[in-house]
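Data first, discussion second: the structure below is written as structure tokens.
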Amino acid sequence: MPAYRPEEIEKKWQAHWKQHSTFQAHNHSDKPKYYVLDMFPYPSGAGLHVGHPLGYIASDIVTRFKRLKGFNVLHPMGFDSFGLPAEQYAIQTGQHPALTTDQNIETYIKQLSSLGFSYDWNREIRTSDASYYKWTQWIFLKLFNSWYNLDTNRAEALTDLTARFAERGSEGVRAAGDDGDRQVFTAGQWQLFTEHQKLAAVHSYRLAYQQDTYVNWCPGLGTVLSNDEVKDGLSERGGYPVERRLMPQWNLRITAYADRLLAGLDTLDWPDAVKEMQRNWIGRSIGAEITFPVQDHAHAQIKVYTTRVDTIYGATFLVLAPEHELVNELTTPGQRAAVDEYIAATKRRSERDRMADTKTVSGVFTGAYGLNPVNNEPVQIWLADYVLAGYGTGAVMAVPSGDQRDYLFAQHFGLPIPAISDAQQGLDQQADPTKEGRYINSGIINGLTYKEATTKLIAYLEEKGLGRGKVNFRIRDSIFGRQRYWGEPIPIYYKDGTAYGIAESDLPLVLPEISEYKPTETGEPPLGRAQNWLYRDQYPYELSTMPGWAGSSWYYLRYMDPTNEARFVSEEAEQYWGTVDLYMGGAEHATGHLLYARFWYLFLKDLGLVSSNEPFQKLINQGMILGRSNFVYRASLGWTAINASGDIVSQDHLVHPFLFVSKTAFEILTSPNSFKQDSHFEIKISEKLGVMRDNMQTRYPEYKFEVEAFGIGNNTGFTPLHVDVNFVDNDILDINAFRGWREEYNNAEFIFEDNNTYLCGVETEKMSKSKYNVVNPDVLIGKYGADALRLYEMFLGPLEQYKPWNTNGISGVGSFLKKFWRLFHPEDGDLAVTDEPATPAELKALHKAIQKAQEDIEKFSFNTSVSLFMITVNELTALKCHKRAILEPLVVLLSPYAPHLAEELWEELGHAAGSISHTPYPEFREEFLVEDNVIYPLAINGKVREQMQFAAAATAAEIETAVLASDFLARFGEGKSAKKVIVVPGRMVNVVV
RNA sequence: GCCGGAGUGGUGGAAUGGUAUACACGAGGGACUUAAAAUCCCUUGCCUUCACGGGCUUACGGGUUCGAGUCCCGUCUCCGGUACCA
């Protein structure tokens with residue numbers, strides 16, 4: 001084998017691995033197991049850019065390393081293949097989303113294979129396959145047929161609940177969810193219920209239930225979105241406006257698990273940022289629910305939720321959400337018109353306006369008064385849209401001296417702001433939420449501290465039946481339906497308007513074919529178009545489909561046993577593989593997927609179907625690779641054309657050439673204080689304009705032209721435009737490629753740098769098509785090989801960090817691989833590895849590498865291991881080392897990073913093809929690192945002055961004596977004497993003077 | 001606002017409290033070549049000096065320490081997340 005030719009050896013080994021299923025993981029093994037999971041990709045039409053494989057490369061390195069360390073590694077890949085983009089495309093083109101999805105998956109598999117990833121492709125799954133979504137539907141039915149028992153703190157079968165109803169009625173059942181929605185009945189009444197009535201009574205207990213819910217409705221996409229799919233009031237996909245709307249929806253009762261989801265976080269080895277995001281998302285707060293009677297309305301009561309009961313004497317008014325159920329009843333005739341108008345105005349405001357506009361204070365007085373339960377003081381009842389209907393009770397007691405938002409409201413509407421603590425300060429300026437000091441103006445808690453007051457008030461309110469301590473969560477039940485086609489059908493049918501789950505034996509409920517993917521004319525979801533789509537030929541099915549996160553909430557379990565037709569995963573497989581040991585993926589899933597998947601896992605655990613508490617033990621977020629955009633600077637030119645009779649004519653029909661100025665020219669010409677000495681660019685421009693004018697003259701001889709450049713000396717005359725980074729090398733523009741890019745640039749003219757190149761501007765931005773900064777891995781693999789790309793992505797910097805992509809550096813790892821190759825093939829000829837014994841220097845280089853390579857992988861510090869390999873190869877090259885004893889272990893060390901190269905060299909060294917993947921990792925032997933002598937830096941007061949060599953065995957005292965006996969102090973001590981000598985054995989000596 | 005993370009050469013970045021700037025890119029110079037590519041060698045934090053050398057430097061200001069990029073306190077900037085959550 002002559003020179004290093006990645007294109008040949010990479011294809012060869014990829015084919016070998018595929019043909020021999022080299023990376024197949026077995027469900028029975030004596031080896032310890034290790035499960036490495038990549039986050040489930042959605043196969044988008046754009047394919048992969050260089051940012052995508054970052055995490056896959058890292059996880060593949062870990063996978064291959066663990067195999068060498070003797071683990072049975074599960075490292076699967078599959079596709080989250082239901083989803084919006086394919087469906088949007090289907091609506092536009094009429095093409096079935098399954099088709100485009102399949103094509104996209106093929107592209108993904110091709111690209112992933114070309115990077116040399118060691119997936120067990122025999123376990124590939126796709127969420128849109130009926131054999132997979134059968135089990136997603138099955139889990140849904142389990143949720144549908146379960147309730148959450150607060151006494152046992154776990155999900156239980158609904159049949160247990162109905163048995164209990166039959167025996168004892170609804171009395172004493174403590175279930176997760178809102179008891180306000182539930183009926184109260186005796187066992188006798190239950191037994192007299194019709195089937196219909198029973199189902200209605202039971203519905204509000206289910207973990208999957210249908211309810212009128214305020215949703216994020218996105219008219220642009222024709223569907224509802226979950227909170228984590230909405231960013232700044234716009235849909236995350238497509239950027240369409242989103243509005244609040246009350247609609248019947250399927251929901252999953254994730255709130256039942258809020259406490260366990262929160263507590264479980266403490267057991268996980270995850271980035272703090274992700275854990276913190278989940279904590280905030282769950283949003284547990286400890287407070288109290290307090291009832292305010294309403295003046296002149298004997299039956300009306302307003303319940304508020306507060307985390308600061310201690311401030312109740314400062315509550316001078318109440319604020320209800322505009323949607324609050326008592327609004328109508330409480331509004332006095334005098335305020336009726338104002339209230340109606342306010343509610344109407346609130347509805348008109350989109351969610352986005354409401355979020356954008358948190359500064360303006362708005363609200364309206366209802367005319368009614370509540371009574372503060374601790375002192376019977378009347379307090380005004382207001383409406384304002386800063387109070388959310390969905391959180392707490394939809395009503396707050398406003399304490400203007402303690403809460404800034406209440407303060408602003410009170411100030412705006414001229415309501416009183418009484419102080420409640422002797423520690424509050426600056427109340428003429430702003431609220432002070434302090435918990436310090438003693439209470440004042442506060443009835444029974446005057447003089448008490450925060451802690452004392454809270455305890456006393458809760459006891460007092462509980463005794464009077466007007467309040468109780470309560471824990472609240474910010475998290476809401478998850479909406480579990482989309483008014484879309486391309487998703488799992490929800491396995492529900494309706495009989496006389498009542499929802500039934502279909503029989504498990506009838507699963508899967510296959511997604512029917514339809515003629516068009518749009519909603520029906522009557523506004524039903526696309527599934528309304530399905531012909532004769534009825535359960536058992538008579539009952540209509542639910543028409544919404546599951547959201548994107550349904551299939552991805554349990555996929556990691558299916559990989560353990562992907563083809564099982566009898567069970568979602570066999571007990572054996574689940575017990576062998578357990579949970580994911582390393583989960584690699586992006587931080588964007590922090591509050592969506594990662595929370596839903598944990599929820600489903602806990603639910604399955606309650607049903608006894610899985611054996612642990614948390615599905616993902618260790619999580620690593622790979623940072624995003626940002627694009628490096630290049631810019632050209634277009635000059636604004638003013639053309640004048642004059643015809644034969646001397647009139648200025650319109651030029652719409654003429655083609656004008658563009659003029660682009662290089663970066664330095666742009667910077668000088670747009671700088672407001674450019675001086676005359678920099679004016680050579682202006683001269684260049686006016687010369688160039690002359691040439692351009694002459695060219696126009698030649699092209700359109702019927703006119704006379706004048707042209708000038710606008711805006712020199714400020715920023716208006718030049719427009720920075722993104723230029724495709726593929727036309728740019730080291731920020732130098734390829735003029736010919738650029739001219740050929742677009743027709744209108746064919747005749748473009750340029751003002752160059754002084755070295756006659758066109759230098760582009762640079763900025764770091766997200767990688768995206770529209771910014772022309774997307775770098776395609778296929779191109780780089782073609783040029784440098786997959787091994788080089790793998791190494792380079794790791795070499796860029798710490799895995800978790802966000803970092804800009806710059807293709808320039810890849811040549812460095814390219815030459816490293818060639819150097820590595822040359823250790824084996826010095827003359828670019830046949831293998832020249834010798835069996836000579838290794839020298840101590842060579843052994844030291846090798847064992848340093850073995851030690852550090854392992855440490856680095858265990859710390860997920862891949863960038864430093866690449867540097868380490870470079871250093872090792874530089875050392876061995878300098879030592880002219882071509883010895884098997886050194887190179888053979890070194891190939892194994894490198895193999896997780898550059899597997900193709902390693903396989904090839906391994907085979908050349910005489911090993912069976914493909915066997916490097918399961919060979920043992922070289923053993924580190926410390927004795928090779930031991931040196932006879934150590935060079936110590938000598939410092940005066942911490943400042944290093946020179947070096948001195950000592951025997952490695954020398955004691956601190958010996959070194960101190962030797963240093964003081966030398967002329968070191970005389971030369972650097974500035975005549976002072978040593979006060980103290982610090983000797984750090986093996987490291988350094990510091991003399992204090 | 002709140003919660004995370006990060007500030008080190010022209011660039012990406014390295015550094016168990018112990019010689020800051022490893023490794024790589026880029027740049028400059030040289031060798032080989034008819035030439036190019038490839039490859040190899042030298043220089044490359046900043047200031048100062050003909051040179052030897054000297055001084056300064058890890059966002060900024062303090063502190064702890066024999067010794068701080070690293071630990072502590074304060075400030076600033078950037079990035080990510082989140083937000084009328086009562």
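Hydrogens, waters and symmetry mates play no part in the numbers below; they use all other heavy atoms, side chains included. Residue numbers start from 1 in every chain, and the chains themselves are labelled A, B, ... in the order their sequence lines are given, proteins ahead of strands.
- Across all strands shown, A:K943 has heavy atoms under 4.0 Å from sugar-phosphate atoms exclusively, and none from any base.
- The gap from the P atom of B:A20 to that of B:U58 amounts to 12 Å, rounded to the nearest Å.
- Other residues, nucleotides and ligands contribute at most 12 non-hydrogen atoms within 6.0 Å of the CD atom of A:E325.
- Taking atom C1' on both B:C23 and B:G74, the two are 36 Å apart, rounded to the nearest angstrom.
- Between A:K979 and B:C66 there is no side-chain polar atom (N or O) within less than 4.0 angstrom of OP1 or OP2.
- B:U8 and B:C78 have their P atoms separated by 14 Å, given to the nearest Å.
- Between A:A273 and A:G283, the one whose closest nucleotide on RNA chain B sits nearer the 5' end is A:A273.
- B:C66 and B:A15 have their P atoms separated by 27 Å, with the value rounded to a whole Å.
- Nearest-nucleotide positions on RNA chain B for A:V274 and A:R628 put A:V274 closer to the 5' end.
- Counted by atom type alone, A:Y802 and A:T764 present zero donor-acceptor pairs between their side chains at under 3.5 Å.
- The side chain of A:R822 lies closest to B:U39, out of B:A86, B:G67, B:U39.
- In this structure, B:G54 shows a glycosidic angle more than 90 degrees from zero, which is the anti conformation.
- Nucleotides B:U16 and B:U11 are separated by 28 Å at their C1' atoms, to the nearest Å.
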Worksheet item: side chain to side chain donor-acceptor pair (under 3.5 Å) between A:S285 and A:N472: does it pass, once the steps are laid out?
Response: CA-CA 5 Å; A:S285 67; A:N472 242 356; 5.3 Å; no
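- Remark: the A:D432 side chain and the A:Y407 side chain contain no N/O donor-acceptor pair separated by less than 3.5 Å.
- Backbone-only contact: A:M277 has heavy atoms under 4.0 Å from sugar-phosphate atoms and none from a base.
- Atom pair A:Q801:CD and B:G5:C1' shows a separation of 9 Å (rounding to whole Å applied).
- Here the C1' atom of nucleotide B:G7 and the OH atom of A:Y802 are 17 Å apart, to the nearest Å.
- Distance, A:I959 CD1 to B:G18 P: 17 Å, rounded to whole Å.
- Within the nucleic acid shown, A:R476 comes within 4.0 Å of at least one base atom, counting heavy atoms only.
- Nearest nucleotide to the A:T307 side chain, out of B:A86, B:C66, B:U19: B:A86.
- Atom NZ of A:K783 is surrounded by 12 or fewer heavy atoms from other residues, nucleotides or ligands within 6.0 Å.
- Counting non-hydrogen atoms under 4.0 angstrom, A:N863 reaches the backbone sugars and phosphates but no base.
- If you take CD1 of A:I625 and P of B:U11, they are 19 Å apart, rounded to a whole angstrom.
- Using a 4.0 Å heavy-atom criterion, one finds that A:V396 contacts the bases of the nucleic acid, with or without backbone contacts as well.
- Comparing atom distances between the A:P798 side chain and each of B:G13, B:C66, B:G55 picks out B:G13 as nearest.
- When the shell of 6.0 Å around NZ of A:K303 is examined, it contains 12 or fewer heavy atoms from other residues, nucleotides or ligands.
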For nucleotides 24-33 of chain B, print each protein N/O atom paired with a nucleotide N/O atom at under 3.5 Å, atom names and distance only.
unit_1	atom_1	unit_2	atom_2	d
B:A24	OP1	A:N874	ND2	3.2

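- The nearest whole Å value for the distance from the NZ atom in A:K818 to the C1' atom in B:C40 is 13 Å.
- One P atom belongs to B:C71, the other to B:A83, and the distance between them is 32 Å to the nearest Å.
- In this model, a side-chain donor or acceptor of A:R987 finds a partner on the base of B:U16 within 3.5 Å.
- Spacing between B:U43 and B:A24 at atom P, rounded to whole Å, works out to 14 Å.
- As judged by a 4.0 angstrom heavy-atom cut-off over every strand, A:L796 is placed among residues touching the sugar-phosphate backbone only.
- In this structure, the nucleotide among B:C85, B:G12, B:U39 sitting nearest to the side chain of A:K803 is B:G12.
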Discussion item. side-chain contact (heavy atoms from CB on, under 4.5 Å) for A:L817 and A:Y784? Distances and angles first, verdict last.
Written reply: CA-CA 10 Å; A:L817 289 173; A:Y784 300 96; over 6 Å; no
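- Aromatic ring pairs are classed by plane angle as parallel below 30°, tilted from 30° to 60° and perpendicular above 60°; the pair A:F816 and A:F820 is tilted.
- Residue A:R405 places at least one side-chain N or O closer than 4.0 Å to OP1 or OP2 of B:C85.
- In this entry the distance linking CZ of A:R474 with C1' of B:A83 reads 8 Å, nearest Å.
- In this structure, A:N280 places its CG atom 9 Å from P of B:G4, rounding to the nearest Å.
- Comparing the P positions of B:G12 and B:U82 gives an interatomic distance of 27 Å, to the nearest angstrom.
- Counting any heavy atom pair closer than 4.0 Å across all strands shown, A:Q947 reaches a base atom.
- Nearest to the side chain of A:T864, among B:C66, B:A22, B:A14, sits B:A14.
- Ring geometry, A:W382 versus A:F413: the interplanar angle falls from 30° to 60°, so the pair is classed tilted.
- Among the atoms of the strands shown, none is found under 4.0 Å from any heavy atom of A:P271.
- Residues A:F409 and A:F317 place their aromatic rings such that the two centres sit under 6.0 Å apart.
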